[in-house]
Amino acid sequence: MSEIKQNKLKLYDSLSREKRVFEPLKSPHVGLYVCGPTVYGDAHLGHARPGIAFDIVFRYLKHLGYKVRYVRNITDVGHLENDADHGEDKIAKKARLEELEPMEIAQFYTDRYMDSMDALNVQRPSIQPRASGHIIEQMEMVSKILDSGYAYESKGSVYFDVKKYNEKHNYGKLSGRNIEDVRENTRSLDGQDEKRDGVDFAIWKNASPEHIMRWNSPWGSGFPGWHMECSAMSSKYLGNEFDIHGGGMDLKFPHHESEIAQSVAANCCEPAKYWMHNNMVTIDGQKMGKSLNNFITLDEFFSGNHNFLEQAYEPMTIRFFILQAHYRSTVDFSNEALIAASKGYDKLMKAAETLAELKSSDKSDYDVKAWANKCYAAMDDDFNTPILIAHLFDVVKAINSIKVGKMSITADDLELLKAQFNIFVFEILGFKASEKSNNSANMSGSLIDMLLKMRHQAKMNKDWATADDIRNQLTDLGVAIKDTKDGAEWEL
RNA sequence: GGUCUCGUGGCCGAGCGGCUAGGCUGGGCUCUGCAAAAGCUCCCACAGCGGUUCGAAUCCGCUCGAGACCUCCA
C-alpha cells in the first residue's frame, strides 16, 4: 500500500463553482480525463494551455503518491462543419483538399501534436484513445441512451431528447444556463427539421453521400455525434464514474454539458466527481483560436517564424510563461511578456546550477522547511503555480546570497533544499535545463578554460588590453565572462 | 439579446477584509582595473462613484470598459 503524502489539496470544481478538498473515489487510484485536440491542424499556443495545465495536475497527483490513469483523447472524427460544408467532417474536408486519406491527415497532425507536447516537456498520458478507434463503444452508448428513452431516431440520425431529460435532470447545470435560453438562442443548424426540439443534439449522425468517414450502424450509415467520443472513451477506460474531467473553458457548453447528460442517460450517473476548466490564451485581448484565425502555432514560436514574433522562443520559455499565470485566468500573449518570461526562466535555471555547487557551513539563515511548506501550500491551493514560482524566486535570492557569502546554510538544510528545489522545479513544474552538454560542448569548454587562463595571466601582468581582448572576443562568440572572487566563470 | 467572467504599478501577473507577492523593465549603491553576474535599495498600484466596516484592491450597489460562452473550438 503506497503512502499518500499528507496534504490538503483543494481544487476548483467548475460544477459546484467552489474549491473542494480532493478526495479520490478509490484512493490511491485517480482517474483523470482531459479533452484532447482535434487533429486537423498544427497545435497552437492555445493547445499548450490545457496540455501544460493538466500535465501539472498529473505530475502533482503522482508526486503526492496517487496512482493516476490519465486519459486524453485524440479527436479524429465527428465534428461537423457549418457554413458551406454542411455535414462534412472537418478531417474529411481537409483530406479532400489535400487529396490524402483522412487517417493520413489525422496521423500526421497527431504526430505533430505529440512532438509539440514533447518539446514542452508535457508527459504523455497513460492512454491516448482515438475516437475513430471507438466507434463500436460509441454506438453501444447510443443504443443505451435509446433504451433508456432519452433519445429518438429520425431520418437515420439519433438525437438526444433534452426536454425529456430536463424533466428529471438539469441540462445546463455546468454551464449555468437554462433550457429556454438555449432554445431561444439556438441558430438553425443542418438537420434542424429532423429534431423535435432545437435544443436536442445529435448522438449519431446520418452521413450525407459526400461524407467520407462513415460507419454502418443500426440507424444507417453515419458517424457518432459531437460529444459521444468523450463519454464512451472515458467510461471505457476510467469507469462510469471517475475523479476529474478537464478541458478548456470553451468546451463547457455544449460539449461537457452534453457529456453529463449522455452519461446520466446511459449509465445513470454523472461521469466526473470534479470538473476542471482551463482559461484561454488571448492575443490583443482576444481569444486565440482557429475561428478567429489569430493563432500562432507552437512550431512558429519555437522557430520565430511568424510576423507577430520578434524572436524565437524556447519551449521552456512557453511553459514558464503559461505557468506564471493561474490556469483559470486568461493569459495575454505579447513579445514583451515572453521575453520577460525567458529572462526569468534563465535566472531560475542559473540558480539551479548554483545550488548544485553550494557549500554548507555550521548555521542556517534560511528556514528551508518553512519555505517548502509554503510551496506545497501553493500547489494545494488549486495548483497555484504563479505563487509557487514566486516562492521559488524567493529561494533563488537565498541561493545567490549563500553563494556570495551573505547567507549560510547547514549541510542538512542544504540537502533538503536541493531535494525540494528539484522536486518543485523539475518534477512538479516540469521544467528542464537546456541541453548544452555534449561532447563538442565539453571540448569547447576546455578551450574556453584555456583562454581564461591566458587572460588570468594577462591580468596578473596588468595587461588589461590583452585581458579585455580575450573577453571581448569570447563575448562576440557568445561566451559570457563573469569575474568572481574565486576566478572567472563563463557561460554560453 | 441571454448567461458568465474580468478590470491591479512602465509591462506581465498573484492576492480576494488589516500585515500592501513574484518576474521583467528603469534609477541608485556594494563588489570590480573596467565590464558582466550577484547582493542591497528606490519607483508603494489596485477602472470610476457611492455604501458596509474600527479598517476594503479584497464585501455590496451603480456606472464605464474589456472578454468568454450561446456554432466547430483548448
Side-chain angles (χ1 to χ4, degrees), chain A residues 17 34-38 40-41 43-54 75 78-83 85 90 172 175-178 180-189 226 246-255 257 277-282 285-292 295 320-321 324-326 328-345 347-348 350-351 354 378 381 384-394 396-397 399-401 403-407 459 462 464 467-468 471-472 475 480-485 488-491:
Chain A
R17 291 157 221 271
V34 174
C35 291
T38 304
Y40 62 95
H44 61 256
L45 189 58
H47 291 97
R49 195 91 199 265
I52 291 170
F54 291 103
T75 295
H79 285 77
L80 291 168
E81 282 266 23
N82 48 50
D83 304 330
D85 301 298
K90 267 194 176 168
S175 53
R177 60 194 76 205
N178 62 56
E180 282 74 28
D181 291 340
V182 177
R183 190 176 285 126
E184 276 175 30
N185 292 302
T186 300
R187 69 187 189 107
S188 52
L189 273 172
W226 315 345
M249 261 181 181
D250 48 356
L251 296 177
K252 261 189 183 176
F253 189 90
H255 188 59
E257 195 71 69
H277 291 95
N278 63 273
N279 214 133
M280 303 292 107
V281 174
T282 58
Q286 271 204 320
K287 175 183 167 182
M288 183 183 282
K290 288 215 170 85
S291 34
L292 284 166
F295 61 89
F320 185 83
F321 170 69
Q324 254 194 323
H326 187 82
R328 283 191 286 118
S329 304
T330 54
V331 218
D332 195 50
F333 154 80
S334 69
N335 280 285
E336 213 181 353
L338 273 179
I339 289 166
S342 169
K343 289 184 181 173
Y345 182 71
K347 187 173 172 182
L348 186 63
K350 274 183 209 160
T354 305
D381 183 18
N384 200 327
T385 55
I387 295 289
L388 173 56
I389 289 172
H391 291 330
L392 288 177
F393 279 107
D394 187 55
V396 163
K397 196 176 265 189
I399 288 168
N400 287 326
S401 293
K403 189 198 175 192
V404 178
K406 290 207 170 185
M407 284 176 81
K459 284 173 74 175
K462 294 205 184 287
W464 308 124
D468 287 354
R471 183 178 60 197
N472 291 340
T475 304
I481 303 303
K482 292 176 284 187
D483 288 338
T484 71
K485 282 178 185 137
E489 290 181 359
W490 61 271
E491 64 185 40

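A, B, ... follow the sequence lines: proteins, then strands. Residue 1 opens every chain.
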Span that lies between the C1' atom of B/U71 and that of B/C19, in whole angstrom: 49 Å
Backbone N/O of A/Ala325 and side chain of A/Ser329: donor-acceptor pair under 3.5 Å: no
Inter-nucleotide P distance (B/G9, B/C46), Å rounded: 8 Å
Sugar-phosphate, base or nothing in reach of A/His391, heavy atoms under 4.0 Å: nothing
Nucleic acid footprint by protein, nucleotides 31-41 of chain B - heavy-atom cut-off 4.0 Å, B for base, S for sugar-phosphate alone: --BBBBSSSS-
Which atom of A/His47 lies closest to which atom of A/Pro37, heavy atoms considered: CD2-CB, 4.2 Å
Between the protein and nucleotides 66-69 of chain B, which nitrogen or oxygen pairs come in under 3.5 angstrom?
residue : atom : partner  : partner atom : Å
B/A68   : OP1  : A/Lys287 : N            : 3.4
B/C69   : OP1  : A/Lys287 : NZ           : 2.3
B/C69   : O2'  : A/Arg177 : NH2          : 3.2

Length of the line joining A/Lys343:NZ and B/C11:P, which is rounded to integer Å: 17 Å
Inter-nucleotide C1' distance (B/C59, B/C16), Å rounded: 10 Å
Dot-bracket encoding per residue of RNA chain B, Watson-Crick/G-U cut-off under 3.5 Å, | denoting interstrand: (((((((..(((.....[...))).(((((.......)))))....(((((..]....))))))))))))....
Length of the NE2-P vector between A/His326 and B/C6, whole Å: 12 Å
Integer-rounded Å distance: B/G23 P and A/Ile339 CD1: 18 Å
Gap between atoms CD and C1', on A/Glu336 and B/G26 respectively (whole Å): 12 Å
For the student: nearest non-hydrogen atoms of A/Asp250 and A/Lys287, plus distance: OD2-NZ, 3.2 Å
Interatomic distance, A/Ile389 CD1 vs B/G15 C1' [rounded to whole Å]: 16 Å
Whether A/Glu257 side chain and A/Gly172 backbone form a donor-acceptor pair below 3.5 Å: yes
Nearest atoms (heavy-atom pairs only) where A/Ala53 meets A/Asn278: CB-CB, 4.4 Å
Interatomic distance at P, B/C49 relative to B/U8, whole Å: 16 Å
B/U63 versus B/A38 - spacing of their C1' atoms, nearest Å: 49 Å
Rounded interatomic separation in angstrom, taking CD from A/Glu257 and P from B/G2: 20 Å
Sugar-phosphate only, base, or nothing, as touched by A/Val331 at under 4.0 Å among non-hydrogen atoms: sugar-phosphate
Euclidean distance for C1', B/U20 against B/C43 (whole angstrom): 15 Å
Within-4.5 Å side-chain heavy-atom neighbours: A/Met280 and A/Met249: yes
Nearest-Å distance for atom pair CD1/C1', residues A/Ile387 and B/C12: 15 Å
Closest non-hydrogen atom pair between A/Phe295 and A/Gly289, with its separation: CD2-O, 3.5 Å
Evaluation steps, side-chain contact (heavy atoms from CB on, under 4.5 Å), between A/Arg328 and A/His277: CA-CA 7 Å; A/Arg328 283 191 286 118; A/His277 291 95; over 6 Å; no
Distance between P atoms of B/G26 and B/A66 (Å, rounded): 32 Å
side-chain contact (heavy atoms from CB on, under 4.5 Å) between A/His391 and A/Ile387, worked out: CA-CA 6 Å; A/His391 291 330; A/Ile387 295 289; 3.5 Å; yes
Check: A/Thr354 side chain, A/Lys350 main-chain N or O, donor-acceptor pair, under 3.5 Å: yes
A/Val281 and A/Thr330, any side-chain heavy atoms less than 4.5 Å apart: no
Side chains of A/Asp332 and A/Thr282, donor plus acceptor under 3.5 Å: yes
Nearest-angstrom distance, P atom, B/C31 to B/G23: 24 Å
Under 4.0 angstrom between A/Asn384 side-chain N/O and B/A21 OP1 or OP2: no
Shortest side-chain distance from A/His47, nucleotide among B/C11, B/C12, B/A74: B/A74
Contact nearer the 5' end of RNA chain B, comparing A/Tyr40 with A/Gly176: A/Gly176
Side-chain donor/acceptor of A/Asp181 to backbone N/O of A/Arg177, under 3.5 Å: no
Between P of B/G23 and CG of A/Asp332, the distance in whole Å: 21 Å
Short side-chain N/O contact to B/G13 OP1/OP2 from A/Ser329, under 4.0 Å: no
